[in-house]
Amino acid sequence: MPIKAPRICSCGKVVPSGAVCECEARRNRERKERFDKKRPTARQRGYTAEWEREAKAFLSEPGKSHCARCGDPATVVMHIKSIRARPDLRMVRSNWRPGCQRCNAKEAAQERQER
Ligand SMILES: [Zn+2]
Ligand SMILES: [Zn+2]
């Protein structure tokens, strides 16, 4: 293999051929950190904040304070048609009903079994 000459990085350091300069490594790391930090939060926020706000409003409407299945105090919104079957109905209120954690978990488990 021919030996390549070391290069001079834009920061002025002499970098052996094929190696990454410290300044570049740092930049890459910082870019990755920013990326890691930014992406999930933005996505999470988009989903959770909107969903939680809407779900809360929904559950505070008259007649929706109790679980549609067991009658316990409602704490979550369950979908009538599962979002797996109809992802387009996820945010459609006519596809929502009040539910509790337990029934929600039960339905999720049931749905997994049916598949
Ligand atoms: Zn450099
Ligand atoms: Zn319930």
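Throughout, residue positions are numbered sequentially from 1 according to the sequence presented. Just follow the structure's listing: the first ligand is 1, and inside any ligand the first atom is 1.
Our summary of the site lists the angle at the Zn ion (ligand 1) between SG of Cys9 and SG of Cys23 as 100°, to the nearest 10 degrees. Rounded to 10°, the angle that SG of Cys67 and SG of Cys103 form at the Zn ion (ligand 2) is 110°. To the nearest 10 degrees, the Zn ion (ligand 1) sees SG of Cys21 and SG of Cys11 at an angle of 110°.
The two residues His79 and Arg97 come nearest to each other via the heavy atoms O-NH2, 3.4 Å.
Under the 4.5 Å side-chain criterion, counting only non-hydrogen atoms from C-beta, Lys106 is in contact with Arg69. Taking 4.5 Å as the limit, every side-chain heavy atom of Met78 sits out of range of all side-chain heavy atoms of Trp96.
Using a cut-off of 4.0 Å between Lys/Arg side-chain N and Asp/Glu carboxylate O, Glu30 and Arg27 are scored as not salt-bridged.
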